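Notes for the one structure printed next.
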Amino acid sequence: MFVDNFTTYDNCAPAGVLLPKIKIEKKFYKKLKLNEGVDNLKFLKKLCWESIKEMGINKYPNKDQYYDRAGEELKILNELRFIDYILLNWDILNYCHENDIPTGPGRGSAAGSLILFLLKVTKVDPIKYNLFFERFVSKSRARKIEKNGITYLDGSLLADVDNDIAYDRRSEVIEYIKRKHPSRTCRILNLVSLSGKLCIKETGKIVGLHTEQEVNELSDLIPVKFGKVSPLYEARQESDLFDTWCEDNFKVYEIACKLEGLIKNTGVHASGIAISHDRLTDICPLQKTKDGELASCYDMNWIAELTVKFDILGLKTLTVLKDASSLAGVDLDSIDLDDKALYKHFQNLECPQGLFQIEADTNFGVCKKIKPRNLEEVSAVIAIARPGALEFKDQYADYIRTGDPTLVHPHFADILDYTGGIPLYQEQLMKMAVKIGFTLDEAEQLRRIIGKKKADQMPEWREKIAQKAEENRLTNAWTGHGGDEIAEILWQVAEDSANYSFNKSHSISYAILSAWTAYLKFNYPQHFYIALLKMAKHEADPFDQVNKIARELNHFDMKLLPPDLAKSEMDFTVEGKNVRYGLNCIKGVSEKSLQSIVDFRESEISNKFDVFLAAKDAKINIGVLSSLIQAGALSSFGNSRSRMVLEAQAFNILTDREKRNFIALGTKHNYDVLNILGTEILNNQSVGDDNKPLMKESRTQTFLKKYRPYKSIYDQNKSFEKFANWYFENQLLGYSYTHTLRDVFKNEARNLQNCYEVCSTESNEGVKFVGVVKDCSRRLVSRNNNRYIRMTITDELGRIDCMFFDPKLEKYLENKGPLEKDNIVTIVGKKSEDIVFVDDMNVLDGRIYMKLSDVK
């Protein structure tokens, strides 16, 4: 839906970006003892000076270095007309600080600015960590445009400040921005294009009439370089097999090339907010999202030519840190990031869940290999755990172990040695350029031109490097070679590292978050895990998070206690040294049910019939009540959950008259609905309190017609009671607290190991274990042209990756059919370093029903 009153400036695009008007509240002038008429530069200077005194920087031995850096940054910001932009950021982040909304240490290149550090927009001291302002703002890159006496900024070259905000408070910040800039803010359109992989697969099936399996194997031939799928044209040059296929199927390839890059669908940028100087309806078309918010009809690149773009990202980790630190009584800013004891937890890490930028499988593997000992090395883990840089994992780990860096060239040893001779950071390339004579601003130009692969400018800069080395007479004292050798090495490093070098400002900022999470997790595990569990409901797969946390709690001698109607609160809570499961986290218990459960809890309950009646009075439907029973929250009223669910279903079918008479018979039959049905009803032995048959024959048949489907669920589940409880708990809670998988299936497969024992087994040893298939790939093709599938198998104590190759895989699929996610399997195989090669596999059948649709 487009806004109707869209207009343009004289039918032509604006000359550039006009910064939004910054409105500073009177209280800040008063606090700083400034007249309201002072310009924004003087206001910004006074803000910085007060912060210098508050932080105690004016007492630092190297305080002059801070003064000089702050002065130089302010000078550049003023020359480029960026003062108001910096104050816009201060205004938003200051609102967060005043309202106790957690913000991150920094994100992106903004952490390289001392001014932003002084304004508390970031929390990273750029001088301490040797970060560069020029990586954030480049004089040569920024551009002003004068038109009709008005100064515009080139939006595509404007400095970019990204802000991390607590996930649960982000909406408050966005509402503040809307209030502060009415009619001048909107979300930003996101365009999603068709990838070459998708195009070749779909055209292969539709035009070439190939099978799903064939096009999947074909798409696997398309190379992925540094995390990006190669375009189809490049893929042909890089893969002989793909090139041959394209020659044989040229029509398919030709159509796929025409489709590649077209817009597939639109969305809304996850964190982008546009703020305009003018009313948005005067400068760009708008549309409404499905949630009713305004969004631009221009994508991020185009909207940046007209407005200031702010990235306000809701970060779940900040909410977890806030909750955990509040429970523990810890001030995050007081944590000593130089304390060696903090990093001991990274060196023998077995429990990564909740550790920011470490918990993902790849990052966890890098951390275990490198074993970081300080913040700089945690930063390196984050920088290395990315496509492209991963190949340097072993080299960096060897450097940490031996202390011997790889020598690239003696002239640059002081710059590269601390990362083992690997040009891991973009800032290192900039320092190398400075060392041969360039300014930091020129070094940033070099980084951008090579990093963006601007082919038209690269020859010119290669020559500039050679000239600069010659001008400064840089001679290698070891070899006697002149500046041409040093220039060539710098150019080679710049080209090679363009695909993997990382922004150190960002890496250090996120390493601080990693350190904070580690401090709270290993010093206050109970509080940390409660905060993590509360956030789990916002994850894409909440129960996967709960499962991982439940496994880790064992390492801290803690338990995730099951939900209990009498003991559980609505959310996760502390109970002794353990954590109690929250009632609102049970699957099937919706937000709408919460008040009903509160009312239910307050009822006087002494037997099962009281449970059923109280649930009805509290307006808890039979589905929610069944979920509570199956999860074990009402275990004190019956040993068999399957049977109690059937009783609840049967009681729910009864009329009010029948319920009244069942209650009267309760004491005689130990409040067992099924006993009353069998003894009193089906044998026609009972009359009601009105001296009429409790159920007439016709009514009995109607009752049985509704009852029998539920009875068939019970008949199936009672045969597998132990497995049923394990299954119910995993489906409704995300973990099992009564039985382990090995315990459930110990009679069907002997000598089973659990996943923790498998992970601890030496390489080349045989293993036999049971687990759940959490992830399973389609059939892939190895470099040796062997087909295989890759699986991730989990249980209550761990997870292990497995690979199953032809011909054993082919034989398995012929006899037993395809493997599915959530299958329970026993695996026999051989353990490698971090993977199991499967020799045989068996799916354990034991179907459990939870609802009528399962039976149907």
Side-chain angles (χ1 to χ4, degrees), residues 92-93 96-97 99-108 122-123 162-175 187 267-273 291 310-328 330 332-333 335 351-364 367 378 381-382 385 506-507 509-522 524-553 560 570-573 579 581-582 584-585 591 734-735:
I92 294 169
L93 269 292
C96 295
H97 301 327
N99 290 276
D100 199 28
I101 299 174
T103 62
R107 185 161 149 245
T122 71
K123 300 174 184 178
D162 300 334
N163 298 292
D164 289 329
I165 307 294
Y167 179 81
D168 59 328
R169 308 286 300 275
R170 178 177 181 266
S171 59
E172 295 176 48
V173 180
I174 292 173
E175 286 303 313
R187 302 290 299 276
V268 177
H269 192 280
S271 57
I273 304 289
D291 298 322
F310 277 82
D311 263 5
I312 307 291
L313 183 71
L315 198 62
K316 297 184 182 78
T317 295
L318 288 173
T319 301
V320 170
L321 284 168
K322 174 65 176 177
D323 289 349
S325 60
S326 296
L327 287 168
V330 172
L332 293 177
D333 293 328
I335 296 172
C351 301
Q353 201 61 26
L355 297 184
F356 186 69
Q357 294 284 293
I358 302 295
E359 65 182 353
D361 289 344
T362 299
N363 303 46
F364 179 40
C367 188
V378 174
V381 168
I382 293 170
H506 181 81
S507 194
S509 299
Y510 273 20
I512 291 173
L513 279 174
S514 302
W516 284 349
T517 53
Y519 178 86
L520 286 171
K521 177 170 185 170
F522 293 103
Y524 303 94
Q526 189 182 41
H527 300 129
F528 183 79
Y529 278 119
I530 284 177
L532 209 56
L533 284 162
K534 287 181 177 180
M535 185 50 58
K537 65 175 75 75
H538 300 291
E539 298 290 347
D541 187 349
F543 283 174
D544 182 55
Q545 296 293 311
V546 171
N547 189 277
K548 290 174 180 176
I549 292 167
R551 288 202 303 260
E552 287 195 357
L553 286 173
L560 180 55
M570 291 301 109
D571 218 329
F572 295 93
T573 51
V579 176
Y581 205 100
N584 70 349
C585 304
E591 291 289 332
Y735 82 114

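If you're wondering where the values come from, they're calculated on a predicted model, not measured in any experiment.
Side-chain contact between L513 and L321 is present, with heavy atoms from C-beta onward closer than 4.5 Å.
Note: Y510 and F356 have perpendicular aromatic rings, judged against thresholds of 30 and 60 degrees for the angle between ring planes.
Note that OH of Y524 is 12.0 Å distant from CG of L327, once rounded to the nearest 0.5 Å.
Residues passing the salt bridge (charged side-chain N to carboxylate O under 4.0 Å, His left out) test with D571, sequence neighbours excluded: K537. Applying the salt bridge (charged side-chain N to carboxylate O under 4.0 Å, His left out) test to R169 and every residue at least two apart in sequence or in another chain returns E172. The side chain to side chain contact (heavy atoms under 4.5 Å, CB included) check on D311 picks up R107, D162, H269, S271, K309, with sequence neighbours excluded. Under the rule for a salt bridge (charged side-chain N to carboxylate O under 4.0 Å, His left out), the partners of D100 that lie at least two apart in sequence or sit in another chain are K322. Shown here are the salt bridge (charged side-chain N to carboxylate O under 4.0 Å, His left out) partners of K548, two or more places apart in sequence or in another chain: D544.
Y167 carries K316 over the face of its six-membered ring, with the cationic atom under 6.0 Å from the centre and within 45° of the normal.
Put simply, the residue from D164, N163, T103 that forms a side chain to side chain contact (heavy atoms under 4.5 Å, CB included) with L315 is D164.
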With side chain to side chain contact (heavy atoms under 4.5 Å, CB included) as the test, would you mind laying out the steps for Y519 and L332 before giving the verdict? CA-CA 9 Å; Y519 178 86; L332 293 177; over 6 Å; no
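For residues 354-364, the side chain to side chain donor-acceptor pair (under 3.5 Å) pairs, not counting sequence neighbours, are Q353-E359, D361-R799.
Remark: the backbone N or O of C351 is paired with a side-chain donor or acceptor of K521 at under 3.5 angstrom. Panel note: side chain N547, backbone Y735; no donor-acceptor pair is recorded below 3.5 Å.
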